[in-house]
Each structure stands twice: as C-alpha cells, then as structure tokens.
Amino acid sequence: MTKEIILEFPDNGRIPLLFGEYNEHLSYLEKKLDIHISDRGNLLRMSGSKDATNKAKVALQSLDKRLEKEELTNITHADIDAELRFAATGGRKSGKNKKSDGKSSLVIKTKNKTIIPRSPNQEKYLKLINKHDMVFGLGPAGTGKTYLAVAAGIDMYLRGKVERLIFTRPAVEAGENLGFLPGDMKEKVDPYMRPIYDALQDMLPWDFLTKKMEANEIEIAPLAFMRGRTLAHSFVILDEAQNTTCAQMKMFLTRMGEASHMVITGDSTQTDLPPHVKSGLSEAMDILSDVKDIGFVTFAGEDVIRHNLVRKIIKAYESQNK
C-alpha cells in the first residue's frame, strides 16, 4: 500500500547539505528504498511503501539533527546508510547516553575527526565499553570492531580516564618465517600491526602520535610481549583474538590491572591457527559468557560499513557455510 509523507525542515541553511548537490542524497534514498521524493524549498513530499517512507523520514530527520549539532559537516552515502540501519530499529537512542560533561558518550571527538556509531550493534558496543571494564567484540570484517575500540580508547586517554593505550595482536600469520623477514623485531612485526597504526593515524595527528609512542604512553606490540606484565591504568585492545591459542588468551586476560579496560575483538570463523589448535577466543566465549560485568557484542553482515559488496560477500559465505 502506497503512503505519502510531507516533511518540513525548519532551517533552510542546512537544506543544501541535507539534500545534497543536485538533490543527490534524495536520489540515493529514492533508489535505495524504491520511493519517490519531490522537494519544494524546505518541504519534501515522499511516496512509497509505509515502511520505506517511514525509514526515509527517520533517516532524514536524524541527519538534520546531526548537522544541527555539528556532528556532521557534510553527508556521504555511508552516513545515509548508517541512518537507514537505525531507522529499521526505530532510530538512534544516543540522547540517553551522556558523559559527565553532558555530551553524548556515543559521539567520540578525537583530534582529527568525530566518530559516531553507524549501526545499532555499534551503538551497543560503545555503550558496553563505557559500562564494563572488559568487552568482547565478535563478528566479521568491516563491522568496525577494532576501529571503534581504538576510538573509545583514545577518548578515554584524552579525557584522562586512562594513562596508557596498549594495542596488541598475535603475529600468527608470520609463523616460523618471522625470523627470516628483513629488519629488526619492530620492522618484522609492524606489518601485522598495520590496521592499528592506520586507525590511530586516522584519529590523531602524526606528531602527537609519535610523541606519545616515544613516551611509551601509546604502545603497539605483539601478544607475546604481554607475558609477565600487569597492565594497570590502561586501555588495552587485543585484536584478531581468534588467532590466539587457549593459553595465550588466558595469559592476556589475566594481565588486567587496576583501573584498566580491555576490549577483545575477533572473528571466530577466520582463524589462521593450525586445524588441530583450538582458538582461545572460542574457548573464552564458552567459559566467560555467563560472567557478570563482561560485555559481549556479536556483529553480523548488516553491520558491515565498508563497501556494499563486502556485506554481500559475507552473506554469500554465510549461506554457503549453512
């Protein structure tokens, strides 16, 4: 059944950003939702199925509100896709989550950019990181598990909630060939830490990042370097946790010290361990799933925020596995 909605936006100054150049954003919504949109000044007339027109309404109103709050300075197709994900579940609920300074705890402003969750599961993930000292983020590539965890860590560090940021990964891909790579240990290991470097450089100026790394306030190291340490007053991320052995995972989890936060991310379907070796991530999920004060978020294909093809590829593989 076709439904028609008339939508009015109060601030004409935001209309060019909201509608896009030559109404590009409205055309994208039309194609995405199979609806028709016509505009006249600050008025929109939308017609299509009830579900589709409601999604478009919620998405546009949310984007307009984010422009008003200066959470956005321009709108991309990725931003529209994000609002449509939230519209499918009734819209964003971020207004209920505030920091001590009154600002939303789900809007993270780093030195380089502002980061906001782009799916309901990403929103849940940030809520749990704010609430719990240990959180597991599980699911396929492209869902923002590592990127959002890095952003949350930077936010706590810049606000003085933690004194150090520590990022670690098992260098399992290198295997026994690590010693044959050229360079010193740092140069051998850095390629496996590249995604973490990329996230940090996206959020922090290079000179600031370099200075803090030299002061050892920001540390990026292989998991093997964590043995025997107590990680206190730190925000610690274990990435690619599906590649840990059971012993490595237990070792890492028991490094947690006073006033620390830990985020463990991974995809149990993408382990690079030998077939006979059980993943430490899988074991930890079995053992810790009922432990109070540990948060778990499982991302799915619809949470993928990379290219649309990535979502389709993941769904195709999931269908094949089933």
Handout entry: K145 side chain vs P140 backbone, donor-acceptor pair below 3.5 Å
Key = yes

Handout entry: Heavy-atom neighbours of N12 CG exceed 12 at 6.0 Å
Key = yes

Exercise for the section: Mark yes or no for whether D64, through its side chain, and L60, through its backbone, hold a donor-acceptor pair below 3.5 Å. Expected result: no

Practice task
Indicate the ring-plane relationship of F299 and Y125, choosing parallel, tilted or perpendicular according to the 30° and 60° boundaries.
Solution key: perpendicular

Handout entry: Within one Ile-Leu-Val-Met-Phe-Trp-Tyr cluster: M134 and V291, side-chain cutoff 4.5 Å
Key = yes

Handout entry: Within-4.5 Å side-chain heavy-atom neighbours: R255 and M262
Key = yes

Exercise for the section: Give a yes or no answer on whether the side chain of T244 reaches the backbone of A241 with a donor-acceptor pair at less than 3.5 Å. Expected result: yes

Problem - M256 and L231, any side-chain heavy atoms less than 4.5 Å apart - result: no

Problem - Closest non-hydrogen atom pair between N243 and Q248, with its separation - result: O-OE1, 4.0 Å

Exercise for the section: Find out if a path of hydrophobic residues (ILVMFWY) with successive side-chain heavy-atom gaps under 4.5 Å connects W206 to F167. Expected result: yes

Practice task
May I ask you to establish whether K161 and F235 are in a cation-pi arrangement, using a distance under 6.0 Å from NZ or CZ to the six-membered ring centre and at most 45° from the ring axis?
Solution key: no

Handout entry: Inter-residue atom distance M46.CE - L33.CG, 0.5 Å rounding
Key = 9.0 Å

Completion exercise
For I129 and A152 the tightest heavy-atom approach is CG2-CB, 3.8 Å

Exercise for the section: Before accepting this row, confirm whether a basic side-chain N of the pair K211/E217 lies closer than 4.0 Å to the acidic partner's carboxylate O. Expected result: no

Handout entry: Side-chain donor/acceptor of N112 to backbone N/O of L204, under 3.5 Å
Key = yes

Practice task
Check whether more than 12 heavy atoms from other residues, nucleotides or ligands sit under 6.0 Å from atom NZ of K65, and answer yes or no.
Solution key: no

Handout entry: Main-chain N/O of I37 paired with E30 side-chain donor or acceptor, under 3.5 Å
Key = yes

Handout entry: Exam field: side chain S47 to backbone E4, donor-acceptor pair closer than 3.5 Å
Key = no

Exercise for the section: Determine the minimum heavy-atom distance between I166 and S234, stating which atoms define it. Expected result: CD1-OG, 3.9 Å

Handout entry: T271 side chain to Q242 backbone, donor-acceptor under 3.5 Å
Key = yes

Problem - N-O pairing of D81 and K32 below 4.0 Å - result: yes

Fill in the blank from the handout: In terms of heavy-atom contacts, A87 and K55 come closest through CB-O, 3.7 Å

Exercise for the section: Look at the aromatic rings of F19 and F9 and report parallel, tilted or perpendicular, splitting at 30° and 60°. Expected result: perpendicular

Fill in the blank from the handout: To the nearest 0.5 Å, atom OG of S268 lies from atom CG of L281 at 6.0 Å

Handout entry: Approximate separation, where rounding is to 0.5 Å, of L67 CG and I15 CD1
Key = 9.5 Å

Exercise for the section: Assess whether atom CG of D290 is packed by more than 12 heavy atoms of other residues, nucleotides or ligands within 6.0 Å. Expected result: no

Exercise for the section: Would you kindly confirm whether I5 and F86 end up in one hydrophobic cluster when ILVMFWY residues are joined by side chain heavy atoms under 4.5 Å apart? Expected result: no

Exercise for the section: Report yes or no: does H25 contribute a side-chain atom to a donor-acceptor pair with the main-chain N or O of L17 at less than 3.5 Å? Expected result: yes

Handout entry: Charged N-O contact under 4.0 Å between R229 and E219
Key = yes

Exercise for the section: Check whether any side-chain heavy atom of L200 sits under 4.5 Å from a side-chain heavy atom of I154, and report yes or no. Expected result: yes

Exercise for the section: Kindly indicate, with the supporting measurements, whether the criterion side chain to side chain donor-acceptor pair (under 3.5 Å) is fulfilled by D198 and Y147. Expected result: CA-CA 9 Å; D198 289 344; Y147 193 83; over 6 Å; no

Exercise for the section: Determine, using the 4.5 Å side-chain heavy-atom cutoff (strictly less than), whether L148 and L72 are members of one ILVMFWY cluster. Expected result: no

Practice task
For residues G139 and D267, report the shortest heavy-atom separation together with the two atoms involved.
Solution key: O-CB, 3.1 Å

Practice task
Please work out which of the three classes, parallel, tilted or perpendicular, describes the rings of F136 and F296, given edges at 30° and 60°.
Solution key: parallel

Practice task
Decide, yes or no, whether a salt bridge links K250 with E283 under the criterion of side-chain N to carboxylate O below 4.0 Å.
Solution key: no

Practice task
Work out which heavy atom in I35 is nearest to a heavy atom in A52; give both atom names and the distance.
Solution key: CG2-CB, 3.5 Å

Practice task
Return yes if some donor-acceptor pair links the side-chain N/O of N42 with the main-chain N/O of E8 below 3.5 Å, else return no.
Solution key: no

Practice task
Could you tell me whether the side chain of T254 and the main chain of M251 form a donor-acceptor pair under 3.5 Å?
Solution key: yes

Problem - D79/R118 ion pair, N-O < 4.0 Å - result: yes

Exercise for the section: Determine, using the 4.5 Å side-chain heavy-atom cutoff (strictly less than), whether L18 and V58 are members of one ILVMFWY cluster. Expected result: no

Problem - Exceeds 12 heavy-atom contacts within 6.0 angstrom, atom NZ of K278 - result: yes

